[in-house]
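One structure below.
Order of the sequence lines fixes the chain letters, A, B, ..., with proteins taken first and strands second; residue numbering starts at 1 for each chain. Just so we're clear, the structure is a prediction, and the values are computed from it rather than from any experiment. What you see below is based on every heavy atom in this structure, not just the backbone, and it leaves out hydrogens, waters and symmetry mates.
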There are 2 protein chains.
Amino acid sequence: MEEIHGDVSKEICMKSLDAVKDALYAVNGKWKLPIIIALSEGPRRFKELQRALDDITPKMLSKELKEMELNEFITRTVYDTTPVTVEYALTPYSGSLKEVILSLRDWGIEHKKHLQSKCRERKKPAHAQVAAKVEVA
Amino acid sequence: MEEIHGDVSKEICMKSLDAVKDALYAVNGKWKLPIIIALSEGPRRFKELQRALDDITPKMLSKELKEMELNEFITRTVYDTTPVTVEYALTPYSGSLKEVILSLRDWGIEHKKHLQSKCRERKKPAHAQVAAKVEVA
DNA sequence: GATACCGGTATCCTACGGGATACTGCTATC
DNA sequence: GATAGCAGTATCCCGTAGGATACCGGTATC
């Protein structure tokens with residue numbers, strides 16, 4: 001155990017815990033990332049989103065969209081057509097998520113590799129090796 | 001809507017979604033971060049951890065430690081003393097989390113500031129302004 | 001001999017995330 | 001007049017995360 005990790009959390013520390021939790025909360029839930037991905041190709045209407053998201057129930061979609069609007073990741077625009085048109089779009093501010101999401105993605109990719117290499121070390125096939133929900137297929 | 005966010009998720013894309021989810025999973029749950037923080041000051045025994053973590057129930061502690069051991073964030077070492085001593089310690093590999101956690105923390109801090117400035121814009125005191133669980137105190 | 005500490009496990013229970021289904025008011029089309 | 005689309009809301013239901021409590025076998029202490 002070298003000192004590599006010795007201060008991982010001196011820097012994180014209790015005071016930063018809340019900030020990390022806030023960030024995690026903003027991006028978790030089953031649908032927030034998929035919604036961001038869907039909207040990244042341009043504004044979408046409610047039903048369009050619903051169809052794009054493998055038929056998410058309207059309740060969940062509505063709830064997630066409201067939260068994301070509060071967090072200013074998206075805007076909700078009502079056009080006074082008949083029938084009314086409601087369009088959701090990413091805000092410029094949502095771009096601030098890019099860095100942190102890419103960071104998560106990169107770590108996730110490396111982590112999967114890491115677990116796979118550990119699997120190969122033990123020659124045992126060990127039917128369905130899984131480490132804490134990351135499927136090492 | 002400038003193009004700032006236009007490709008936020010071209011890069012993330014569906015193929016990366018799983019990696020992001022894996023990363024989120026590895027670090028969420030109520031206790032994983034606190035455990036990492038506690039262990040960052042050095043190896044700890046089971047009961048020491050339990051006391052350090054505001055009396056987390058042994059069931060939860062045991063479960064979280066097992067998951068973290070599978071993910072190779074920590075090691076579990078049994079010393080053959082009487083009574084037996086079990087020591088948990090961070091692995092060097094756990095240091096790989098540092099970058100991603102700091103990224104989350106930084107974004108969380110900026111996000112809180114962002115929401116606070118939005119609160120000030122609208123002069124309304126709006127008793128207990130909260131945006132999607134981030135308390136803007 | 002009774003109590004306390006250690007490292008957990010087992011059992012029960014609740015709260016919340018999230019899904020299924022049904023329904024609303026309005027309009028346009030057949 | 002019936003059906004279908006839009007943008008949701010309301011109600012019920014279930015599975016899991018996580019807490020409370022009790023308990024185990026072992027040793028050391030009073």
Side-chain angles (χ1 to χ4, degrees), chain A residues 17 20-22 24-36 38-39 42-71 74-89 130-135, chain B residues 17 20-22 24-36 38-39 43-71 74-89 130 132-135:
Chain A
L17 228 192
V20 178
K21 282 189 195 166
D22 289 347
L24 285 174
Y25 187 85
V27 99
N28 72 6
K30 198 174 175 182
W31 297 106
K32 295 218 179 61
L33 265 338
I35 288 172
I36 290 175
L39 287 179
R44 291 284 181 271
R45 303 172 59 175
F46 191 88
K47 278 286 177 184
E48 287 175 331
L49 278 174
Q50 199 180 341
R51 279 187 289 262
L53 295 170
D54 195 36
D55 284 318
I56 178 179
T57 62
K59 187 186 81 170
M60 287 307 301
L61 182 54
S62 175
K63 184 189 139 209
E64 300 282 53
L65 288 172
K66 277 174 189 164
E67 282 188 23
M68 295 171 74
E69 200 188 348
L70 277 177
N71 277 328
I74 61 173
T75 53
R76 176 178 184 276
T77 311
V78 181
Y79 296 101
D80 199 7
T81 55
T82 52
V84 62
T85 302
V86 180
E87 212 170 64
Y88 295 90
V130 167
K133 281 248 172 114
V134 178
E135 292 181 23
Chain B
L17 227 192
V20 177
K21 283 189 194 166
D22 289 347
L24 286 174
Y25 187 85
V27 102
N28 71 6
K30 198 176 177 181
W31 297 106
K32 294 216 178 64
L33 265 338
I35 288 173
I36 290 175
L39 288 180
R44 291 284 181 270
R45 304 171 59 175
F46 192 88
K47 279 286 177 183
E48 288 175 329
L49 278 174
Q50 199 180 341
R51 279 187 290 261
L53 295 171
D54 195 37
D55 285 319
I56 177 179
T57 63
K59 187 185 81 171
M60 288 308 299
L61 182 54
S62 174
K63 184 188 140 209
E64 300 283 51
L65 289 172
K66 276 174 190 166
E67 281 187 24
M68 294 170 75
E69 200 189 345
L70 276 178
N71 277 327
I74 62 174
T75 53
R76 177 179 183 274
T77 312
V78 181
Y79 295 100
D80 198 5
T81 56
T82 52
V84 65
T85 303
V86 180
E87 213 170 63
Y88 295 90
V130 167
K133 281 245 172 119
V134 178
E135 293 180 24

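Residue contacts for Arg51(B): at a heavy-atom cut-off of 4.0 Å it reaches the sugar-phosphate backbone alone, with no base atom in range. Lys30(B) comes within contact range of the sugar-phosphate backbone alone, with a heavy-atom separation under 4.0 Å but no base atom that close. At a threshold of 4.0 angstrom between heavy atoms, the contacts of Tyr79(A) with the nucleic acid are absent.
Neither OP1 nor OP2 of dA7(D) sits under 4.0 Å from any side-chain N or O of Thr85(A). The phosphate of dT16(D) has neither OP1 nor OP2 within less than 4.0 Å of any side-chain N or O from Lys63(B). Contact check, Arg45(A) against dA7(D): a side-chain N or O comes under 4.0 Å of OP1 or OP2.
Within a 6.0 Å sphere centred on CG of Asp54(B), heavy atoms belonging to other residues, nucleotides or ligands number 12 at most.
Between dT9(D), dG8(D), dC6(C), one nucleotide has an atom nearer to the side chain of Lys47(B) than all others, and that is dC6(C).
A heavy-atom distance below 4.0 Å to DNA chain C is reached by these residues of residues 55-62 of chain B, ordered by number: Pro58(B), Lys59(B), Ser62(B).
In the model, Tyr88(B) has a side-chain atom that pairs as donor or acceptor with a side-chain atom of Arg76(B) under 3.5 Å.
Nearest heavy-atom pair across Leu33(A) and Leu24(B) is CD2-CD1, 4.2 Å.
One finds no salt bridge joining Glu64(A) and Lys30(A) here, because no Lys/Arg side-chain nitrogen approaches an Asp/Glu carboxylate oxygen to under 4.0 Å.
Nucleotide dG7(C) holds its P atom 10 Å from the CZ atom of Arg76(B), rounded to whole Å.
Looking only at distances, no side-chain donor or acceptor of Glu69(A) sits under 3.5 Å from a matching main-chain atom of Lys66(A).
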